[in-house]
Amino acid sequence: MKNLTVVDHPLVQHKLTLMRHKETSTGSFRRLLREISLLLCYEVTRDLKLTTKEIETPLCTMQAPVIAGKKLVFASILRAGNGLLEGMLDLVPSARVAHVGLYRDHETLEAIEYYFKAPDDLDDRLVIVVDPMLATANSATAAIEKLKERGATNIRFLCLLAAPEGIEAFQKAQPDVPIFTAALDSHLNEKGYIVPGLGDAGDRMYGTK
Ligand code: PRP
Ligand code: URA
């Protein structure tokens, strides 16, 4: 599918299986999410442009590769996005961070916004939006619309699990935004949960249910 990358690295797939398991503890779930986020971050940044700068090694000077352009922005959709954010910041500590507070209304499945804070100069930075779950895509779409209103033009979306219904809705609403996911699951159930899925990502991360 165009604009969709499924990260099928064996380590990602193995860790994801452990996360899906209903017996996995809150602590293990958080640790696994942080570990997976390092591997997903590696994939979502794989094609970043490089430039060179002159450095001195102990032996000589050389033109050495460094990432070109302005610092990245990671935009976390609260709460569960923070589970991916932490590991990504381990890998790219200089990244700027945006927080988009959204929760799903359990009846309508609409995304309700309760918080937004982002760096001012989104227009000339790559913005990587992170949220473990793409179900109906209402949350991802709402977050990306808000980021676009604030000037973002170069956006990628990174998640752990996606439902086919969410991919279709997302690509209709945000055709210019590539999706990176660790798995494409079967379908959404009547309550809007991803099947087979892993349950409620936020609750599993924070032990709130
Ligand atoms: C979960 C998840 C996504 C959203 C996905 O968040 O982290 O943000 O649901 O569903 P959608 O694609 O149908 O919008 P939730 O609303 O449960 O909030 P939380 O992260 O605070 O638990
Ligand atoms: N949000 C979750 O946390 N899990 C799902 O399966 C769907 C939306």
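Start at 1 and go down the list; that is how both ligands and their atoms are numbered. Here, residue 1 is the first one in the sequence, and each next residue gets the next number.
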Which ligand 1 atoms does Gly202 reach within 4.0 Å, using its non-hydrogen atoms?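 Numbered from 1, ligand 1 contributes 22 (O).
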Enumerated ligand 1 atoms positioned under 4.0 Å from heavy atoms of Tyr103: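 Every atom of ligand 1 under 4.0 Å from some heavy atom of Tyr103: 16 (O).
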What protein heavy atom sits nearest [atom], and how far away is it?
| atom | result |
| --- | --- |
| atom 4 (C) of ligand 1 | Ser139 OG, 3.5 Å |
| atom 11 (P) of ligand 1 | Thr136 OG1, 3.3 Å |
| atom 5 (C) of ligand 1 | Met133 O, 3.5 Å |
| atom 2 (C) of ligand 1 | Asp131 OD1, 3.4 Å |
| atom 22 (O) of ligand 1 | Arg79 NH2, 2.9 Å |

What distance separates Thr45 OG1 from Ile67 CD1, expressed to the nearest 0.5 Å?
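Going from the OG1 atom of Thr45 to the CD1 atom of Ile67 covers 7.0 Å.
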- Got an N/O contact under 3.5 Å between Ala135 and ligand 1?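 Between Ala135 and ligand 1, an N or O pair is found under 3.5 Å apart.
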- Query: Does an N or O anywhere in Arg104 fall below 3.5 Å from an N or O of ligand 1?
  - Reply: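 There is such a contact, yes.
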Ignoring hydrogens and angles, tell me if any N or O in the side chain of Asp8 forms a donor-acceptor pair with the backbone of Gln13 under 3.5 Å.
->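 Side chain of Asp8 to backbone of Gln13, a donor-acceptor pair under 3.5 Å: no, none is there.
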Under 4.0 Å between heavy atoms, the region of Leu109 that gets near ligand 1 turns out to be neither
At under 4.0 Å between heavy atoms, what of Ala80 touches ligand 1? The answer is both
* Backbone, side chain, both or neither: what part of Ala135 comes under 4.0 angstrom of ligand 2, heavy atoms only? ->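 It is the side chain that touches ligand 2; the backbone stays farther off.
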* To do: Give a yes or no on this: more than 12 heavy atoms of other residues, nucleotides or ligands lie within 6.0 Å of atom OH of Tyr103.
  => no
Exercise. Does an N or O anywhere in Ala201 fall below 3.5 Å from an N or O of ligand 2?
Worked result: yes
For this session: Would you mind reporting whether Met88 and Leu72 have side-chain heavy atoms less than 4.5 Å apart?
Result: no
- Message: Looking at Glu43 and Arg46, is there a salt bridge between them, counting it only when a charged N and a carboxylate O are closer than 4.0 Å?
- Response: yes
